There are 2 protein chains.
Amino acid sequence: MDAHKKYTNECEAPAICKACEARHGGICATLTATQLVELNKHSNRRKVEAGNEVIGQGENVGAYSNILKGVVKLSKMMADGRQQIVGLQFAPDFLGRPFLSESSISAEAATETEICSFPRPIIERLVGESADLERKLHSQSLKELDEARDWMLTLGRKTAQEKVASFLYLIATHIDPERTSGNSSTFDLPLSRADIADFLGLTIETVSRQMTKLRKEGTIVIENNRHVIVPDTRRLRHAAGND
Amino acid sequence: MDAHKKYTNECEAPAICKACEARHGGICATLTATQLVELNKHSNRRKVEAGNEVIGQGENVGAYSNILKGVVKLSKMMADGRQQIVGLQFAPDFLGRPFLSESSISAEAATETEICSFPRPIIERLVGESADLERKLHSQSLKELDEARDWMLTLGRKTAQEKVASFLYLIATHIDPERTSGNSSTFDLPLSRADIADFLGLTIETVSRQMTKLRKEGTIVIENNRHVIVPDTRRLRHAAGND
DNA sequence: CGAAGGGTTGAAGTCAGTCAAATAATGTGG
DNA sequence: CCACATTATTTGACTGACTTCAACCCTTCG
């Protein structure tokens, strides 16, 4: 069987990659079929439950990954336990540098997540071969930098009300909307109130109060704590102080 | 004269570059002599006074620059005027993407500054030619990302006291120290109280009060408002909540 | 000398934090 | 499927850190 696999130079992409959700979104989009085959030999696709660290044990320490499904939170912690979420990564983002020695960032699945990870050395070799790949990684870094700086404005200068609205607006615009028609949007929050507080530099109580306020104003509708309906995203955007 | 300039392939670096402070620190370090000559034809070296935007008027809009001397602040502003400084760049950093359409960031000289700027198209062509250059730009982006995330923790989770100490510690470790021996450090603040407040997400009054407090505790000594002496940087680091 | 800008200090107000308790959602064993 | 235990979220009363508003000080510069 597999009679068509005799050539190695211009081979086809592995079947598993062809069916991959991130095939055209993640870093894999920049690779040739040959490189995909190579990468695929060492890749490891797996599920990560909400609340678990994305850093693989043993062999996978220091790996790079594609997020195929779910939301990953990147956070920093102070010696005394105070915590700050410094970034959220949505599928099909690439999860790279973070859990490298560098800065003390931890990556944890916020929701049930699926990732495809690759050993660091392989990626680094491919980066040397492919300018497109380096470009892709570079541009993701720049995107993350822009997002981080946007969030600095939120953390430093917005009120609690605006912070919570900013968060909801961020989610509304980044999550695969369960339903989006024109100006309205519906989704499940990927983060608990505690996580939201850590993302906004607030306490859970304040987050809760501001959500209640937004609900009573009619800016949002909440069902079962996690499910949110935004009837008018422009109104939410305005509440976030974005204009 | 200039008899030795007959070859064009393996020419020497331009004299002005050889004498340049950033020759080995900025992006220029990754370029070949030939590329330097090319780049030099279009480069524009100039001084920028404190308080002026670094964006060149007219021809230079959308340029990339090397910072040769001084400190540049990157800031974002909300519609109602609230402002947040999202990054400081010290010589010999590269000042790149910021004043590109993208995110509404403005770059302004905090102190008297000297920059060497290049038209965007030239840089972009060189990036295509030199993987080293792309790598260099990429790694600066990652550095800025790390710094931004560190600062998010400061903005979101630290007290006013810790924020001010964090700022002083940042300056103490980034500025060419006028005098550094062992654990002590002496320097001039590159930012006014108003700028410091915008960097820390505080008001000038709070910044002033916390500086006074740190002074009375003996953690720092202040002379003429701008001149600061840190007798023991470990103590300052501790006041910043970094351990 | 007087005006102007940057910085400090004080008094009063407010927004978000803290502490505590109630309520809702989720899970577990019988 | 129910009673119970456990956790997540909301709500309330109170406190406190930081802001706001206002006056004052100090240096600089015309």
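To find a chain, count down the sequence lines: A is the first, B the second, and so on, and within it residues start at 1. From a predicted model like this one, the values you see are computed outputs, not experimental measurements.
Between the side chains of Thr113(B) and Lys69(B), no donor N or O sits under 3.5 Å from an acceptor N or O. Side chains of Lys158(B) and Asn242(B): a donor-acceptor N/O pair is present below 3.5 angstrom, by distance only.
Considering CD of Glu108(B) and CG of Asp195(B), their distance stands at 7.0 Å, rounded to 0.5 Å. Remark: Gln83(A) CD to Leu153(B) CG distance equals 9.5 Å, nearest 0.5 Å. Considering CG of Leu145(B) and OG of Ser139(B), their distance stands at 12.5 Å, rounded to 0.5 Å. For the atom pair Arg237(A) CZ and Leu170(A) CG, the distance stands at 12.5 Å (nearest 0.5 Å).
Taking atom CG of Leu191(A) as the reference point, atom P of dT9(D) lies 10 Å away to the nearest angstrom. Here dC18(D) presents its C1' atom at 11 Å from NZ of Lys213(B), a figure rounded to the nearest Å. Note: CE (Met211(A)) to C1' (dA8(D)) measures 12 Å, nearest angstrom. In this structure, Asp195(A) places its CG atom 10 Å from P of dA8(D), rounding to the nearest Å. A straight line from CG of Leu200(B) to C1' of dA17(D) spans 16 Å, rounded to a whole angstrom. Between the C1' atom of dG6(C) and the CG atom of Leu189(B) lies a distance of 13 Å, rounded to the nearest Å. With rounding to whole Å, Asn225(B) atom CG is found 12 Å from dG6(C) atom P. To the nearest angstrom, C1' of dT9(C) lies 14 Å from CZ of Arg193(B).
At a threshold of 4.5 Å between non-hydrogen side-chain atoms, the residues Asp93(B) and Gln140(B) count as touching. Within the 4.5 Å cutoff, no side-chain heavy atoms of Ile115(B) are placed close to those of Lys47(B).
Closest heavy-atom contact between Ala110(B) and Ala50(B): O-CB, 3.5 Å. Contact detail for Ser65(A) and Ser117(A): the closest heavy-atom pair is OG-CB, 3.2 Å. Residues Ile105(B) and Leu74(B) come closest through the heavy atom pair CG2-CB, 4.1 Å.
Near DNA chain D, meaning a heavy atom under 4.0 Å from it, residues 235-243 of chain A has no residue at all.
The residue Ser192(B) sits close only to the backbone: its heavy atoms come under 4.0 Å of sugar-phosphate atoms, none of a base.
Among the nucleotides dT9(C), dT9(D), dT11(D), the one closest to the side chain of Arg215(A) is dT11(D).
In this pair, Phe94(A) and Tyr64(A) present their aromatic rings parallel. The plane angle is below 30°, not in the 30 to 60° band.
Dashed line: the shortest gap from a side-chain N or O of Thr212(B) to OP1 or OP2 of dT9(C) is under 4.0 Å. Checking the phosphate oxygens (OP1, OP2) of dG7(C), a side-chain nitrogen or oxygen of Arg226(B) falls inside 4.0 Å.
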Extract from the structure each pairing of a protein N or O with an N or O of nucleotides 24-27 of chain D at less than 3.5 Å, listing the distance.
none

One character per nucleotide, please: for nucleotides 14-21 of chain C, 5' to 3', B when the base has a protein heavy atom closer than 4.0 Å, S when only the sugar-phosphate does, - otherwise.
--SSBB--
